[in-house]
Colleague: 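First the structure, which I've put down as structure tokens, then a few questions once you've had a look.
Keep in mind that this is a model prediction, so the values were computed, not measured. FYI, side chains are in, hydrogens and waters are out, and symmetry mates aren't considered; it's all heavy atoms of this structure.
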Amino acid sequence: MQLLLVLGSICSSKISRTRFKKTAGNLLTAAPSETIRQQFFITLISQLYQSCFTYTNLKFLSDYKRHLMLMDHRIQLQLGRSVITGTVTDINQLGQLVIVDATTHQHRSIPAGEVTKVFP
């Protein structure tokens, strides 16, 4: 089962309308007023903004680090077009992976990327 949240209007194509007619539902008994819609978006944006601070919260980071399955494992990751191999040693205060790069043997913080392989 998929849950789909659509904000705004659905695409005008017949395929999209037909597909969404079969699966989409509406919990409202009447169309919301302009004020209600604005309050909804203000609340949504506010909650998204507040969630930005979750990842730099020290309690969250310590829990995340404790449960991180990559800790002390040798990994390969894709960062843009670069492939980097190293051993995960820590998570920094920004929530970035800290690795010892297999090529340079230096500690390196990885701001983003996709782990593509975990070595045994």
Colleague: Per the side-chain hydrogen bond (donor to acceptor under 3.5 Å, both in side chains) rule, what does the pair list look like for residues 94-105, sequence neighbours excluded?
Modeller: Asn92-Gln96, Asp101-Arg108

Colleague: Short question: side chain of Ser46, backbone of Ile42 - any donor-acceptor pair under 3.5 Å?
Modeller: no

Colleague: Which atom pair, heavy atoms only, marks the closest approach of Met69 to His73?
Modeller: O-ND1, 3.3 Å

Colleague: Are any of the side-chain heavy atoms of Leu68 and Ile91 separated by less than 4.5 Å?
Modeller: yes

Colleague: Only counting residues at least two apart or in another chain, list the ones meeting side-chain hydrogen bond (donor to acceptor under 3.5 Å, both in side chains) with Arg81.
Modeller: none

Colleague: If the condition is side chain to side chain contact (heavy atoms under 4.5 Å, CB included), which residues does Ser33 pass it with, not counting sequence neighbours?
Modeller: Thr35, Ile36

Colleague: Report yes if some heavy atom in the side chain of Val88 is under 4.5 Å from a heavy atom in the side chain of Ile75; otherwise report no.
Modeller: yes

Colleague: In this structure, would Leu70 and Val100 fall into the same cluster of hydrophobic residues linked by side-chain contacts under 4.5 Å?
Modeller: no

Colleague: Is any side-chain heavy atom of Ile110 closer than 4.5 Å to a side-chain heavy atom of Leu77?
Modeller: yes

Colleague: Please tabulate, one pair per line, all N/O donor-acceptor pairs under 3.5 Å involving side-chain atoms of residues 113-120, not counting sequence neighbours.
Modeller:
from   : atom 1 : to    : atom 2 : distance (Å)
Thr116 : OG1    : Gln76 : O      : 3.2

Colleague: Go through it in stages, so that I can follow the logic: the residues are Ile99 and His107, the test is side chain to side chain contact (heavy atoms under 4.5 Å, CB included), and I'd like the CA-CA distance, side-chain angles, deciding distance and then a yes or no.
Modeller: CA-CA 6 Å; Ile99 68 167; His107 281 87; over 6 Å; no

Colleague: Say whether Phe40 and Ile45 are linked into one hydrophobic cluster, either directly or through other cluster members, by side-chain heavy-atom distances under 4.5 angstrom.
Modeller: no

Colleague: Could you list the residues that satisfy salt bridge (charged side-chain N to carboxylate O under 4.0 Å, His left out) with Glu34, not counting sequence neighbours?
Modeller: Arg37

Colleague: Taking all heavy atoms of Asp63 and all of His67, pick out the closest pair and write down the distance.
Modeller: O-ND1, 2.8 Å

Colleague: If you measure from CD on Gln93 to OG on Ser109, what distance do you get to the nearest 0.5 Å?
Modeller: 11.0 Å

Colleague: For the backbone of Val98 and the side chain of Thr89, can you confirm whether one donor and one acceptor N or O come within less than 3.5 Å of each other?
Modeller: yes

Colleague: Can you list everything that forms a salt bridge (charged side-chain N to carboxylate O under 4.0 Å, His left out) with Asp90? Sequence neighbours excluded, please.
Modeller: Lys65

